[in-house]
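Remember, it's 1-based here, ligands and their atoms both numbered in the order they're listed.
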Amino acid sequence: MANLSSGEELIFRVAIPVPVYRIFDYLPPDNAGLESPKPGVRLEVPFGSGKKIAFLLEIVQRSEVDTGKLKRVARILDNKPLLSAKDLRLLLWAGNYYHHPLGEVISFAFPAALRQGKPVAVQTEKRYALTDLGKSTLGEQLQRTPRQKSVFEKFHVSQASLSEAELSAWDGNWRPAVKQLIARQLLRIDLSDTRVNRPEALVRNNALQCNPQQQSAIGAVCSGLGRFGVFLLEGVTGSGKTEVYLQIIRSVLERGQQVLVLVPEITLTPQLEGRFRQRFAVSIALSHSKLTDKQRQAAWLQMQQGECSIMLGTRSALFTPLKNPGLIILDEEHDSSFKQQDGFRFSARDIAVVRGKLLHIPVLLGSATPSLESLHNADKQRYRLLHLPDRAGNATEPVLQLMDIRNKRMQEGLSESLVEEIRLTLAKNEQVLLFLNRRGFAPTLICHGCGWVARCQRCDANLVIHFDEERLRCHHCGKEQRLINQCPACKAGELTPLGLGTERVEKVLAELFAGNVSVRLDRDSTQRKGSLESYLQQINQGEVDIILGTQMLAKGHHFPNVTLVAILDVDSGLFSIDFRAAEKLAQMIVQVSGRAGRAEKPGKVIMQTRQPEHPLLTTLIRQGYRSFAKSALAERKEALLPPFSYQALLRVQSADADAPEHFFQAVSALVQKFNTGQNQVMGPVSAPMARRAGLYRYQLLFQNTRRQELHVLLDSLIPEIAKLKQAKNVRWSLDVDPVDLY
Ligand code: ADP
Ligand code: ZN
Ligand code: ZN
């Protein structure tokens with residue numbers, strides 16, 4: 001090991017979170033100890049006119065820079081690194097692969113406070129539990145204090161002590177009620193440390209009896225524990241994938257190891273967290289964007305120090321350090337929210353696989369509608385496919401059917417036959433779910449007199465009508481204005497809403513089904529914290545007859561009493577120019593359909609269409625997702641599109657219409673210089689939405705059937721682009737393996 005006190009000064013090579021493609025050399029701090037710090041420790045370094053938090057990469061004998069010009073590290077912040085050597089390697093790999101500045105990548109792995117250089121303070125959180133009196137008291141007895149009743153029932157449901165973070169994640173305003181319940185001697189502060197994992201107390205004994213397919217999936221993964229392997233669990237909706245995860249996790253916990261479970265959006269599926277808490281007696285760390293920085297840091301440190309065994313989180317939780325890693329699970333692996341779309345544009349699914357390999361642990365990807373990439377990897381034997389072909393328990397799969405609405409009378413998007421189907425379902429006291437992937441009242445406001453259309457001044461887009469709030473809103477830049485009632489162009493014509501959004505359907509439902517209760521679930525109606533939970537609760541308690549909503553409904557919800565699902569406008573998904581549109585549409589249809597017939601009652605799925613012969617729809621209905629995927633993969637292969645080729649997209653935005661052109665001229669000279677392989681370069685072209693939030697947008701696409709060659713080009717190209725003077729006048733970014741070309 002290098003010795004800092006020997007005569008020759010050593011050089012600290014560090015990564016600093018700034019948008020530049022290089023690492024920096026510093027001299028050791030003045031008061032350096034005898035032992036050299038390990039790679040990964042945080043340092044404070046002078047940078048420009050200020051200071052920055054940096055990360056030590058290595059200590060070397062000499063610098064390529066004249067040491068007289070080097071500054072000294074101001075302070076070493078950690079006596080040992082918070083990231084393991086393997087996790088540091090993972091981040092180095094990710095920085096390289098995604099061509100993102102290394103300091104920013106490493107910094108991304110840390111919670112905000114640690115990123116800013118705060119010391120590591122593990123605060124043990126207070127936990128609360130029911131007293132003996134509390135255990136024998138029923139929630140009904142608290143009828144007159146509803147806040148206390150709801151908190152009290154939360155403790156009964158979770159059957160365990162709850163921490164401050166867990167309570168805050170559930171309801172921001174729990175403190176007064178807990179205080180009152182303690183005063184009434186129904187709750188107590190819990191001093192026993194449940195975070196210590198006592199094997200006999202890991203699991204509550206409420207596992208389900210698994211069917212043979214579930215058992216064989218569990219067996220396959222469990223016999224692969226302790227070494228690297230990727231499993232793709234393809235199980236139809238309701239086939240019991242979650243049960244499979246829970247039983248595998250149990251085995252991992254019994255080995256004294258930790259599990260990282262990544263899901264698309266936890267806040268959309270509070271039921272999942274509940275199932276984990278009901279199954280495991282150990283404490284469960286959460287990590288998602290709705291938590292405070294403090295809560296996220298506490299969760300991160302608990303995993304890092306091995307005090308907590310399970311983390312349930314969204315994509316950025318992928319980098320959470322694990323003291324005893326055992327397994328990584330990615331549920332709904334096809335979901336595009338696993339791809340970060342700005343800043344450090346990484347795929348949590350792809351990095352999870354690399355991380356599993358580095359840590360020698362298995363990675364389990366699960367979905368009812370696996371991505372074509374993953375199915376291709378399974379075809380190539382890189383992933384092992386596990387299949388759950390049937391629904392668990394007594395539930396049967398719903399029947400999908402197309403409803404031809406050509407020339408049919410429609411009322412705000414509902415055909416007469418669909419209205420009839422809804423009536424029949426409601427008459428049986430069963431629930432109906434209507435899916436429309438467009439929020440607001442209508443996507444366009446047009447003048448019946450002169451044809452004027454309400455446009456966003458900053459984007460190439462129409463303003464969406466939000467009738468309830470009397471606003472016109474741009475869904476791309478967020479700009480909004482009052483809803484007008486006079487045409488600004490001709491001052492005379494009648495302003496007419498064109499097209500269909502959830503708000504508009506909600507209004508017609510209220511007329512057609514006046515005696516029934518409908519709820520609308522979309523981003524607008526669930527803004528308030530806790531409102532989604534309360535809607536879900538109403539639905540599951542049978543207080544709701546019709547559920548209307550956007551893609552929010554497609555995500556893993558369990559609505560046992562829904563027997564009719566209708567997709568109101570399936571055609572709008574059929575004509576996109578994105579080559580992934582068909583895949584996304586098929587996944588969406590199957591996922592939404594999966595909400596029907598989840599219990600004993602059989603379910604039915606109706607899709608209203610003017611394209612009843614469309615091959616995508618007919619294949620999906622007659623032969624299922626797997627056949628659709630097979631033919632979609634064959635088309636991709638024919639066209640040499642991913643996963644049969646690899647792409648990287650250079651995006652450029654600028655307020656100045658000419659700057660991108662100068663930038664691309666310089667880029668194209670660099671491409672000619674460096675492009676040695678068979679890389680195809682397509683563009684530059686205007687982005688499909690050519691202007692957004694006042695910026696002009698262009699893009700250049702690189703594609704190659706050989707990944708290696710593509711990355712050789714990017715390796716030399718990207719650092720040079722960063723140095724271009726023409727790059728100063730534009731905002732540019734590189735997206736490796738883009739999932740969205742727009
Ligand atoms: P998925 O995650 O595949 O959609 P879930 O794990 O949510 O499926 O299971 C769907 C439903 O089936 C749940 O209500 C679950 O409790 C139930 N279930 C799962 N496995 C079994 C089983 N082996 N026997 C009976 N019911 C089961
Ligand atoms: Zn007009
Ligand atoms: Zn806009």
Side-chain angles (χ1 to χ4, degrees), residues 206-218 233-249 261 263-264 269 271-276 278-279 329-333 364 366-370 386-398 443 445-464 471-481 484-496 540 554-561 590-600 603 689-695 697:
N206 51 5
L208 297 172
Q209 179 66 43
C210 278
N211 62 38
Q213 285 99 358
Q214 285 174 311
Q215 272 166 13
S216 92
I218 294 165
L233 178 62
E234 181 189 22
V236 299
T237 52
S239 58
K241 292 183 291 297
T242 313
E243 186 61 33
V244 168
Y245 302 152
L246 293 172
Q247 301 210 14
I248 295 170
I249 291 170
V261 183
V263 295
T269 50
Q271 289 160 332
L272 184 71
E273 185 196 335
R275 282 175 77 178
F276 272 71
Q278 275 164 25
R279 181 63 56 88
I329 297 177
L330 239 105
D331 188 28
E332 310 291 0
E333 67 88 34
L364 174 57
S367 175
T369 52
L386 307 171
H387 201 198
L388 303 178
D390 304 311
R391 284 199 155 178
N394 294 323
T396 49
E397 275 204 74
L445 181 66
I446 190 166
C447 173
H448 194 52
C450 71
W452 172 90
V453 169
R455 301 273 293 166
C456 178
Q457 283 164 359
R458 291 151 41 87
C459 304
D460 284 337
N462 293 346
L463 293 173
V464 177
R471 308 296 283 175
L472 285 172
R473 208 171 268 159
C474 174
H475 284 192
H476 301 281
C477 71
K479 197 155 170 61
E480 54 176 70
Q481 62 179 73
I484 44 176
N485 44 30
Q486 192 187 46
C487 170
C490 71
K491 311 269 192 274
E494 186 189 346
L495 289 178
T496 317
N540 285 324
K555 315 245 170 180
H557 296 292
H558 192 63
F559 299 131
N561 202 34
V590 174
Q591 295 287 346
V592 176
S593 307
R595 306 308 123 210
R598 287 211 139 212
E600 321 271 288
M689 181 179 286
R691 209 165 66 97
R692 182 168 177 173
L695 299 176
R697 309 162 79 226

Would you mind reporting whether E243 and Q209 have side-chain heavy atoms less than 4.5 Å apart?
no
Within the structure, is a non-hydrogen atom of R275 found at a distance of less than 4.0 Å from ligand 1?
yes
Tell me which one of A392, G235, C210 gets a heavy atom nearest to atom 19 (C) of ligand 1.
A392
For Q215, look at atom CD and say whether over 12 heavy atoms of other residues, nucleotides or ligands are found less than 6.0 Å away.
yes
Of all the non-hydrogen atoms in the protein, which one sits nearest to atom 8 (O) of ligand 1, and at what distance?
G240 N, 3.0 Å
Between SG of C474 and SG of C459, what angle is found at the Zn ion (ligand 3), rounded to 10 degrees?
110°
For ligand 1, which atoms, with element, lie under 4.0 Å from some heavy atom of Q209?
22 (C), 23 (N), 24 (N)
If you round to 10 degrees, what value do you get for the angle at the Zn ion (ligand 2) between C447 atom SG and C487 atom SG?
110°
Atoms in ligand 1 flagged as close to N211, the criterion being non-hydrogen separation under 4.0 Å:
23 (N)
If hydrogens are left out, which of Q214, Q591, H558 has an atom nearest to atom 14 (O) of ligand 1, that is, the closest non-hydrogen atom?
H558
Side-chain contact, heavy-atom cut-off 4.5 Å: L233 with L364?
yes
If we only count heavy atoms from C-beta on, is the L445 to T496 side-chain gap below 4.5 Å?
no
To 10°, measure the SG(C456)-the Zn ion (ligand 3)-SG(C477) angle for me.
110°
The reported gap from NZ in K241 to CG in L386 (rounded to nearest 0.5 angstrom) is 12.5 Å
Any side-chain donor near an acceptor of the partner, T237 and Q591, under 3.5 Å:
no
Flag the pair D390 / N211 as yes when at least one side-chain heavy-atom distance between them is below 4.5 Å, and no otherwise.
no
Which residue holds the protein heavy atom closest to atom 16 (O) of ligand 1, what is that atom called, and what is the gap in Å?
L208 CD1, 3.5 Å
Any non-hydrogen side-chain atom of Q213 less than 4.5 Å from a side-chain atom of P389?
yes
Name the closest protein heavy atom to atom 4 (O) of ligand 1, giving the residue it belongs to and the distance to 0.1 Å.
G238 N, 2.9 Å
Shortest reach to atom 26 (N) of ligand 1 by a heavy atom, considering only A207, G393, S367, A395:
G393
Is the distance between the Zn ion (ligand 2) and the nearest N/O/S atom of H448 smaller than 2.8 Å?
no
What residue and atom, counting heavy atoms only, is the protein's closest point to atom 2 (O) of ligand 1, and at what distance?
T242 OG1, 2.8 Å
N-O pairing of E480 and R471 below 4.0 Å:
yes
